[in-house]
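Structure record follows, encoded as structure tokens.
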Amino acid sequence: MALDFSQPYAAARSPVLGENVVATSQPLAAQAGLRMLLAGGNAVDAAIAAAMTLTVVEPTGCGIGSDGFAILWDGKELHGLNASGRSPAGWTPERFAGLTKMPERGWDAVTVPGAVSAWIALWRRFGSLPLATIAAPAIHYAREGFPVSPIIARLWAQGGALLGDQPGFAEAFLPGGRAPKAGERIRLLDHATTLERIVETEGEAFYRGDLAARMAAHARAHSAIPEATMTEDDLAAHQADWVGTLSTPFAGGSVHEIPPNGQGIATLIALGLLEAAGIGDRPVDDVETVHLAIEATKLALADTARYIADRDAMAIDPSALLDPAYAAERARLIDRARARDPRHGAPKPGGTVYLTAADASGMMVSFIQSNYMGFGSGIVVPGTGISLQNRGTGFTLERGHANEVGPRKRPFHTIIPGFALDGTGQPLLSFGVMGGPMQAQGHLQMALRIMRYGQNPQAAADAPRWRVGAGREVAVEASMDPALVEGLRARGHSITVEAPDAFFAFGGAQIIAKTADGYVAGSDPRKDGHAAAF
């Protein structure tokens, strides 16, 4: 792939090049992954080491109690891993009767955490180093301490103000009654001990042992309905699933995402619409290009909100949403001159951290894990450092909807790893964008910039982003060209220019592109994005 190495945007970071690369949202985690590669490990070893380390150094986005997904090129073929957790068996619709929406905090928002199972599944199938070696950097930073970086310190303070009253949170994350300041060293001793226990038992203690018992006991003690909360049986029943990928052709190659219950299919739907609409005849930052991408995204998100859920609960085959004939039909709804307020179609039946690693053998890993809303549910199991996600809030209470809350069911998920192959079926990109509902939109923007327009990964990550909302609402970053903003308004978009300090709302990207001469990586300055290579 030929890349343009100009850096036309304000951040103007240089891309990182090498034969072995790790890109994450935090420098210490990227270095942890690189240490595995320097020790003779592979990209999977590096990805797991970085993921474990991120639970320590960036607890504002992920924890031991997170969920996870991965797409992996093993050197010959692509694999997809869904390690998101399912709801407790007691979560019937009646259990949440009387509520207007799913809870966001506390145990009544927690589904079975899957990140640990993702680490173990990847390591058992593809890892090459001992698990203790892979976990060593994370355990070191948890036990010996690390200086909190400025952006994470800011998020930590925000999370503490919101969640300080949740069971176990202050004990784990507010030493001395406050969040750590930027540059301050903090130790997470319970976290270190739990990581060691996970290593010793290869994850068994977490799902079927002493750690599982402690989670279940804490859930019973703090749930509004103790008899219908997470149990030892719910944890023991969890498994990570190798699910392959869904894909759509784009720009002479193909973009791949994990199948539902995640929102990655929205990226694929939108890219299919852009292919059908013939995008690419105007520059990447031209109002015509951006307008088309926004309109395609709105159509894709409408279908996603209507149909996507746990695959076993969906009324349609996901592939129906990617059918070229359906894409052509939906693309005809795009008005090139005016913004529209789209609805879903009718296809025929048929707080997050992202990291990526690639090694000299050709292995590439796209991995994402997340609490969801910052620190997640706010629950931290005392004495363990296990902070738990709030993925249960991804369910709906709408009766009859495919994503209606139910027992032992995966909720609609926002976190998605991305991957792209070239026209010969060889790896092209491993990429992801953090940030809740921004993720599918961010994937589209990265694929469009790199695959269709040849921008290098760092330029694509630096570029101003947009985010669609309800109806014709579109938020854009303050760094976007004012002429482009006015051009979008002239086409009927309701544009909000968000303040520079609102950059978290546009996510953070990490990207590795494969070229004939090695890898080219980009990392996002919106967070503490960092790429390391040799």
Side-chain angles (χ1 to χ4, degrees), residues 67 69-72 77-87 111 114 239-250 253-277 296-334 342-350 366 391 394-396 398-421 425 437 439-441 443-444 447:
D67 273 358
F69 297 83
I71 299 177
L72 163 76
E77 60 181 323
L78 211 55
H79 306 271
L81 179 68
N82 183 339
S84 62
R86 297 166 178 83
S87 56
T111 54
Q239 65 176 25
D241 298 316
W242 293 100
V243 295
T245 63
L246 288 176
S247 66
T248 196
F250 184 70
S254 59
V255 177
H256 293 250
E257 301 277 356
I258 297 289
N261 55 313
Q263 66 168 323
I265 194 171
T267 299
L268 303 181
I269 295 169
L271 290 174
L273 299 182
L274 293 180
E275 282 283 88
T297 297
K298 287 157 59 174
L299 287 162
L301 292 177
D303 273 355
T304 300
R306 175 64 182 86
Y307 296 112
I308 301 305
D310 187 317
R311 178 64 188 89
D312 294 338
M314 288 178 60
I316 65 169
D317 189 310
S319 62
L321 295 166
L322 303 177
D323 182 84
Y326 181 63
E329 173 190 327
R330 294 285 277 169
R332 285 193 287 272
L333 297 176
I334 297 175
R343 299 291 184 264
H344 66 78
K348 296 179 175 60
S366 180
R391 284 292 166 183
F395 285 118
T396 180
E398 180 184 340
R399 287 289 186 171
H401 193 286
N403 190 42
E404 181 184 10
V405 66
R408 297 279 171 88
K409 185 177 181 180
R410 282 175 162 144
F412 175 82
H413 241 282
T414 57
I415 62 172
I416 50 174
F419 210 94
L421 302 180
Q439 293 186 46
Q441 305 181 48
H443 279 208
L444 177 140

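It should be emphasised that the depicted structure is a prediction, and the values quoted were computed from it without experimental measurement.
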_Looking at Val243, is its backbone amide N or carbonyl O close enough to the side chain of Asp241 to form a donor-acceptor pair, meaning the two atoms are under 3.5 Å apart?_
no
*asked:* Would you compute the distance between atom OG1 of Thr297 and atom CG of Leu271 and round it to the nearest 0.5 angstrom?
replied: 8.0 Å
_Are Phe395 and Asn403 packed together at the side-chain level, in the sense that at least one heavy-atom pair is separated by less than 4.5 angstrom?_
yes
*Any side-chain heavy atom of Asp317 sitting closer than 4.5 Å to one from Arg311?*
yes
*Is there side-chain contact between Gln441 and Leu301, with at least one heavy-atom pair below 4.5 Å?*
yes
*asked:* What's the separation between atom CZ in Arg330 and atom CG in Leu299, rounded to the nearest 0.5 Å?
replied: 5.0 Å
*Out of curiosity, Leu246 CG to Thr267 OG1, how far, rounded to the nearest 0.5 Å?*
11.5 Å
*Short N-O contact, Arg410 and Asp67, less than 4.0 angstrom*: no
*Measure the spacing between CD of Gln263 and CD1 of Ile258 and express it to the nearest 0.5 Å.*
13.0 Å
*asked:* Ignoring hydrogens and geometry beyond distance, is a side-chain donor-acceptor pair present between Arg391 and Ser87 at under 3.5 Å?
replied: no
*Decide yes or no for Pro259 and Pro318: does some side-chain heavy atom of the first lie under 4.5 Å from some side-chain heavy atom of the second?*
no
*Could you check Ile265 against Leu322 for side chain to side chain contact (heavy atoms under 4.5 Å, CB included), going step by step and ending with a plain yes or no?*
CA-CA 8 Å; Ile265 194 171; Leu322 303 177; 4.1 Å; yes
*Would you call Leu321 and Ile316 a side-chain contact if the rule is heavy atoms closer than 4.5 Å?*
yes
*Could you please spell out the steps behind the side chain to side chain contact (heavy atoms under 4.5 Å, CB included) verdict for Phe250 and Leu444?*
CA-CA 11 Å; Phe250 184 70; Leu444 177 140; over 6 Å; no
*asked:* Just verifying a value: how many Å separate Ile71 CD1 and His256 NE2, rounded to the nearest 0.5 Å?
replied: 8.5 Å
*Rounded to the nearest 0.5 Å, what's the gap from OG1 on Thr248 to CG on Leu273? Could you check?*
9.0 Å
